K.L.:
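I am attaching a structure below and will ask some questions about it afterwards.
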Amino acid sequence: TKTKCSRIVHAFLGEGLECIACNPAFLPYISFPTKVGAIIRDVPLLDHDYNLDIDGIVKNINDNTRVIWLCSPNNPTGTYLSKNELNEFILKLPKRILLVIDAAYAEYVRKKDYTSGENLVRKNKNVIMTRTFSKIYGLAGQRLGWAYCSKYVADIFNKVRLPFNINMIAIEAGVIAMKDKNFYVKSVKH
């Protein structure tokens, strides 16, 4: 996820441009944008239930906003935006803003109203859903993850990615992990 975050920052942010992240959030969403001179607008979680403050995010959007980071489910709160909340939220965003849905913990949510965002990616060119092998598969040290996005976003990613961005050991570990259904079920249950 750190690598995906870095690519998003280098592809969509720069000096004077802005991004919005909820607090607490995955630390690179707050630290990486500053490396390219971007400004972070920090929106605290809601006091009553520790969920993402959609209204607060919308109020912080301005002409310089280019990226919004959403962790759903969030860490450490475990709160998430429902499918309806995400569908309503995307309607409030200008199409120039990239909505990044970090669904690193998606496999652990068993609620029927949850979505990791794949439905929004299919309908919108400005949405990206990121996932990782670090959580459910326990492969944090391999730095292996993936993103689901439109061809438009993928083409931009390919302009800033390194030519050898995933090593063979990480790829093999990911393939083996995906085949181990018992470990997956055990992790969810645990």
Side-chain angles (χ1 to χ4, degrees), residues 1-22 25-41 52 57 61-75 81 86-87 89-107 115-137 139-175 177-178:
T1 303
K2 285 195 295 190
T3 304
K4 290 185 295 285
C5 174
S6 178
R7 286 194 194 117
I8 291 167
V9 165
H10 284 92
F12 294 95
L13 291 171
E15 189 72 38
L17 296 177
E18 298 185 10
C19 62
I20 299 172
C22 291
F26 184 52
L27 187 58
Y29 297 154
I30 296 166
S31 62
F32 282 21
T34 60
K35 295 176 187 216
V36 297
I39 298 163
I40 291 88
R41 293 196 173 265
L52 304 174
I57 293 170
I61 293 173
N62 63 43
D63 290 340
N64 292 325
T65 306
R66 293 299 182 271
V67 176
I68 296 175
W69 311 97
L70 294 182
C71 297
S72 184
N74 198 21
N75 180 13
L81 294 176
L86 276 172
N87 286 335
F89 179 60
I90 193 72
L91 296 175
K92 298 175 183 179
L93 295 185
K95 296 295 180 191
R96 67 175 161 68
I97 296 176
L98 180 67
L99 174 61
V100 180
I101 302 170
D102 179 340
Y105 293 92
E107 292 88 355
T115 179
S116 60
E118 67 274 356
N119 55 315
L120 290 179
V121 174
R122 284 193 293 273
K123 296 176 185 175
N124 300 277
K125 288 183 179 180
N126 63 324
V127 178
I128 181 170
M129 176 196 58
T130 62
R131 301 293 283 275
T132 181
F133 282 76
S134 297
K135 310 306 181 220
I136 192 74
Y137 297 110
L139 296 176
Q142 296 299 317
R143 310 307 318 149
L144 183 63
W146 57 278
Y148 179 44
C149 58
S150 66
K151 182 179 181 324
Y152 165 76
V153 172
D155 288 345
I156 293 171
F157 265 163
N158 282 328
K159 291 177 182 175
V160 298
R161 76 174 176 87
L162 297 172
F164 308 107
N165 55 341
I166 301 173
N167 68 65
M168 289 304 298
I169 295 171
I171 292 171
E172 278 300 312
V175 170
M178 290 179 69

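Only a predicted model underlies this, so the values are computations on that prediction, with no experimental measurement involved. Every heavy atom of this structure was used, including side-chain atoms; hydrogens, water molecules and symmetry mates were not.
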K.L.:
Return the minimal non-hydrogen interatomic distance between Gly117 and Met129, and the atom names on each side.
P.N.:
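For Gly117 versus Met129, the nearest heavy atoms are N-SD, 4.4 Å.
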K.L.:
Could you point out which residue of Val121, Ile128, Leu86 forms a side-chain contact (heavy atoms from CB on, under 4.5 Å) with Ile101?
P.N.:
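In the set Val121, Ile128, Leu86, the residue that makes a side-chain contact (heavy atoms from CB on, under 4.5 Å) with Ile101 is Leu86.
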K.L.:
With a 4.0 Å cut-off, would you call Lys159 and Asp155 a salt bridge?
P.N.:
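The answer is no: the pair does not qualify as a salt bridge.
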K.L.:
Could you give the distance from CZ (Arg131) to CG (Asp102), rounded to the nearest 0.5 Å?
P.N.:
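The CZ atom of Arg131 sits 9.5 Å away from the CG atom of Asp102.
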K.L.:
What are the two closest heavy atoms between Pro33 and Leu13, and how far apart are they?
P.N.:
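What the structure gives for the nearest pair is CB-CD1, 4.0 Å.
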K.L.:
Does a side-chain heavy-atom distance below 4.5 Å link Tyr29 with Cys19?
P.N.:
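They are not in contact (no side-chain heavy atoms under 4.5 Å apart), so the answer is no.
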K.L.:
Contact between Ile61 and Arg41 at the side-chain level, heavy atoms closer than 4.5 Å - yes or no?
P.N.:
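No. Closest side-chain heavy atoms not under 4.5 Å.
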K.L.:
Could you tell me the separation between the OG1 atom of Thr34 and the CD1 atom of Ile40, rounded to the nearest 0.5 Å?
P.N.:
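That separation rounds to 5.5 Å.
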K.L.:
OG of Ser31 to CZ of Phe26: how many Å apart, nearest 0.5 Å?
P.N.:
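Spacing of OG (Ser31) from CZ (Phe26) equals 8.5 Å.
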K.L.:
Decide yes or no for Leu17 and Val67: does some side-chain heavy atom of the first lie under 4.5 Å from some side-chain heavy atom of the second?
P.N.:
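With C-beta onward as the side chain, the pair stays apart.
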K.L.:
What distance do Ile166 atom CD1 and Trp146 atom CH2 have between them, rounded to the nearest 0.5 Å?
P.N.:
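Ile166 CD1 to Trp146 CH2: 12.5 Å, rounded to 0.5 Å.
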K.L.:
Would the number of heavy atoms belonging to other residues, nucleotides or ligands and lying under 6.0 Å from CG of Leu91 be above 12?
P.N.:
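Count over threshold, so yes.
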K.L.:
If you take all heavy atoms of Gly16 and Ile39, which pair is closest and at what distance?
P.N.:
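Residues Gly16 and Ile39, closest heavy atoms: O-CD1, 4.2 Å.
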K.L.:
Are Asn62 and Glu18 packed together at the side-chain level, in the sense that at least one heavy-atom pair is separated by less than 4.5 angstrom?
P.N.:
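They are in side-chain contact.
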K.L.:
State, to 0.1 Å, how close Val127 and Leu98 come at their nearest heavy-atom pair, and which atoms those are.
P.N.:
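Of all heavy-atom pairs spanning Val127 and Leu98, the closest is N-CD1, 4.2 Å.
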K.L.:
Checking the side chain of Ser72 only, and the main-chain atoms of Leu81 only, is there a donor and an acceptor separated by less than 3.5 Å?
P.N.:
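Side chain of Ser72 to backbone of Leu81, a donor-acceptor pair under 3.5 Å: yes, one is there.
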K.L.:
Yes or no on side-chain contact (heavy atoms from CB on, under 4.5 Å) for Phe32 and His10, after CA distance, side-chain angles and deciding distance?
P.N.:
CA-CA 9 Å; Phe32 282 21; His10 284 92; over 6 Å; no
K.L.:
Can you confirm whether Leu70 sits close enough to Ile57 that some side-chain heavy atom of one is under 4.5 Å from a side-chain heavy atom of the other?
P.N.:
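Heavy-atom side-chain distance check passes, below 4.5 Å.
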K.L.:
Take Ile156 and Arg7 through the side-chain contact (heavy atoms from CB on, under 4.5 Å) test and state the conclusion after the steps.
P.N.:
CA-CA 9 Å; Ile156 293 171; Arg7 286 194 194 117; over 6 Å; no
K.L.:
If you take all heavy atoms of Glu118 and Tyr148, which pair is closest and at what distance?
P.N.:
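What the structure gives for the nearest pair is O-CE2, 3.6 Å.
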K.L.:
Search all heavy atoms of Leu144 against all heavy atoms of Gly174 and return the closest pair with its distance.
P.N.:
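For Leu144 versus Gly174, the nearest heavy atoms are CD2-CA, 3.6 Å.
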K.L.:
Nearest 0.5 Å, what's the CG-CG distance between Leu93 and Asn124?
P.N.:
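Those atoms lie 9.0 Å apart.
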K.L.:
Tell me whether the rings of Phe12 and Phe157 are parallel (<30°), tilted (30 to 60°) or perpendicular (>60°).
P.N.:
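Geometry flag for Phe157 against Phe12: perpendicular rings.
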K.L.:
Are Leu52 and Phe89 packed together at the side-chain level, in the sense that at least one heavy-atom pair is separated by less than 4.5 angstrom?
P.N.:
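SC-SC contact between Leu52 and Phe89 ruled out.
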K.L.:
Hey, could you give me the CD1/CD distance between Ile171 and Gln142, rounded to the nearest 0.5 Å?
P.N.:
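Reported value, rounded in 0.5 Å steps: 10.5 Å.
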K.L.:
Checking the side chain of Arg96 only, and the main-chain atoms of Thr65 only, is there a donor and an acceptor separated by less than 3.5 Å?
P.N.:
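Confirmed, Arg96 side chain pairs with Thr65 backbone.
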K.L.:
For the CG atom on Asp63, are there more than 12 heavy atoms of other groups (residues, nucleotides or ligands in this structure) within a distance under 6.0 Å?
P.N.:
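Result for CG/Asp63: open.
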